Number of protein chains: 2
Amino acid sequence: MENNTERFEKLLVKNGLKRTAPRLQVLEILSSRDSATSQPYLEQVMGKDADRVTLYRVLQAFEEKGIIHKVLDQQGTANYAICSEGCSAHEHHDEHVHFNCDNCHKIYCLDSVKIPALKVPAGFKVEHLNLIATGLCANCSSKVN
Amino acid sequence: MENNTERFEKLLVKNGLKRTAPRLQVLEILSSRDSATSQPYLEQVMGKDADRVTLYRVLQAFEEKGIIHKVLDQQGTANYAICSEGCSAHEHHDEHVHFNCDNCHKIYCLDSVKIPALKVPAGFKVEHLNLIATGLCANCSSKVN
DNA sequence: ATGTTAATGCAATTATGTTGCAAATATAAC
DNA sequence: GTTATATTTGCAACATAATTGCATTAACAT
Ligand SMILES: [Mn+2]
Ligand SMILES: [Mn+2]
Ligand SMILES: [Zn+2]
Ligand SMILES: [Zn+2]
């Protein structure tokens with residue numbers, strides 16, 4: 001049974017990225033959480049382990065390689081989650097619904113909920129769909145209730 | 001037949017807002033455009049007619065009163081459009097699809113395209129849905145093609 | 001005309017994200 | 001193990017978006 005670090009190192013090598021401390025740390029943090037992780041949170045947790053700019057560049061590289069995907073919450077804040085399916089540098093397959101809790105502000109990837117196809121007016125060519133639901137997550141609705 | 005300015009003044013009064021130059025100007029600009037208008041564009045057009053802070057406060061007040069609604073584009077930039085239906089300070093009814101063109105970057109309110117209901121995992125309580133489609137708008141797809 | 005409240009303008013501050021460049025380091029070649 | 005190289009990082013500077021506090025101004029009710 002291989003540990004996380006080994007898995008992540010393989011992931012980096014597979015994508016032609018060098019195995020550096022900041023990159024491994026970002027992967028550790030993102031994979032340890034049950035919801036998407038905001039850039040500000042990542043920045044705070046990484047502290048002085050990595051420069052802000054490095055964090056931005058790590059996230060950008062990961063997104064390009066299809067390792068993570070970005071979700072903007074209702075305030076426009078960038079949140080990141082590890083891609084579950086076969087995403088690659090060529091194409092992402094993250095067209096699932098995202099749920100943004102009004103109470104705890106977490107963003108959940110609802111991998112099981114696919115975005116329904118749309119009928120748009122003539123002339124419009126839809127390339128991607130991005131659906132964010134807001135409300136109360138399972139955790140918060142049971143507490144508040 | 002009443003003109004725009006009269007209409008807008010009534011709208012402000014109805015919402016308990018004073019009829020000021022910056023507010024009327026924002027309404028004029030937003031209503032004159034066929035797509036949502038970004039904050040940076042508004043700021044540029046208003047120029048020195050109003051302070052940046054005033055613009056932010058005008059937009060915030062309008063949003064709270066249900067006069068306009070905010071749409072974040074794929075870069076997280078705030079865009080604003082006048083609410084077409086019966087929105088109020090109590091509730092917005094803008095659950096239509098938004099279309100963000102990859103080419104001209106305009107955001108269209110597709111008022112006729114409603115967001116389909118969703119089946120989410122147990123426990124989640126959906127309050128609002130926010131669907132942004134990206135691709136080519138009618139204008140751009142006819143040109144590029 | 002006057003008083004009150006709402007709205008604006010200005011200055012300062014915070015947060016987010018980007019760019020250029022020099023220094024460091026991961027890794028491949030020897 | 002040493003060396004060469006291309007990648008990655010850190011730092012400084014900059015750009016833009018957004019917020020806050022406070023004094024001043026202006027809308028409008030009386
Ligand atoms: Mn996701
Ligand atoms: Mn709209
Ligand atoms: Zn929650
Ligand atoms: Zn277009």
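Numbered from 1 within each chain, the chains take letters A, B, ... in sequence-line order. Computed from a prediction, not measured in an experiment: that's the story for all the values here.
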Separation of [X] atom [atom1] from [N] atom [atom2], in whole Å?
X	N	atom1	atom2	result
B:Leu55	C:dA7	CG	P	15 Å
A:Lys14	C:dT27	NZ	C1'	20 Å
A:Arg19	C:dA24	CZ	P	22 Å
B:Leu12	C:dT8	CG	C1'	15 Å
B:Met46	C:dA7	CE	P	15 Å
B:Asp51	C:dA7	CG	C1'	12 Å
B:Asp49	C:dG9	CG	C1'	14 Å
A:Leu24	D:dT9	CG	C1'	14 Å

TODO: Look at A:Thr20 and D:dT7 and indicate whether a side-chain polar atom (N or O) is within less than 4.0 Å of OP1 or OP2.
DONE: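 Checking A:Thr20 against D:dT7: no side-chain N or O falls below 4.0 Å of OP1 or OP2.
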
With a 6.0 Å cut-off on the ring centroids, do B:Tyr80 and B:Phe62 count as close?
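They do not qualify: ring centres at least 6.0 Å apart.
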
*Sugar-phosphate only, base, or nothing, as touched by B:Glu43 at under 4.0 Å among non-hydrogen atoms*: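 If one applies the 4.0 Å heavy-atom cut-off, B:Glu43 turns out to touch nothing in the nucleic acid.
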
- Message: Please classify the nucleic acid contact of A:Ala50 as base, sugar-phosphate, or nothing, using heavy-atom distances under 4.0 Å.
- Response: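 Sugar-phosphate only.
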
(Q) Using only modelled atom types and a 3.5 angstrom limit, is any donor from either the side chain of A:Lys18 or the base of C:dT25 paired with an acceptor on the other? (A)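 Absent.
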
Discussion item. Looking at B:Arg52 and C:dG9, is any side-chain donor or acceptor paired with a base atom of the opposite kind under 3.5 Å?
Written reply: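 By the distance-only test, no, there is no pair.
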
request  = With DNA chain D as reference, determine whether A:Ala21 or B:Thr77 sits nearer its 5' end, using the nearest nucleotide of each.
outcome  =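 Checking each residue's closest nucleotide, the 5'-ward one belongs to A:Ala21.
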
Original post:
So which one's nearest nucleotide on DNA chain D is more toward 5', B:Val53 or A:Leu17?
Top reply: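 Counting from the 5' end, the first nearest nucleotide belongs to A:Leu17.
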
Practice item. Establish whether B:Leu27 and B:Leu42 are linked, either directly or via other cluster members, by ILVMFWY side-chain heavy-atom contacts under 4.5 Å. Key: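 They do share one cluster, since a chain of ILVMFWY contacts under 4.5 Å joins B:Leu27 to B:Leu42.
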
ask   = Salt bridge check: are B:Glu43 and B:Arg52 linked by an N-O gap of less than 4.0 Å?
value =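 The answer is yes: the pair qualifies as a salt bridge.
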
task: Kindly confirm or rule out a cation-pi arrangement of A:Arg33 over A:Tyr41, judged by NZ or CZ under 6.0 Å from the six-membered ring centre and within 45° of its axis?
output: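 Here A:Arg33 passes the 6.0 Å and 45° test against A:Tyr41.
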
Considering heavy-atom distances to DNA chain C, does A:Ala78 or B:Arg57 have its closest nucleotide positioned more toward the 5' end?
->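 Going by which nucleotide is closer to the 5' end, it is B:Arg57.
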
message: If the test is side chain to side chain contact (heavy atoms under 4.5 Å, CB included), which one of A:His98, A:Glu95, A:Glu63 qualifies with A:His69?
response: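 Answer to the side chain to side chain contact (heavy atoms under 4.5 Å, CB included) test with A:His69 among A:His98, A:Glu95, A:Glu63: A:His98.
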
Item to check | Among C:dT19, C:dT16, D:dA18, the one nearest A:Tyr56 by side-chain distance | outcome: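 Between C:dT19, C:dT16, D:dA18, the one nearest the side chain of A:Tyr56 would be C:dT16.
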
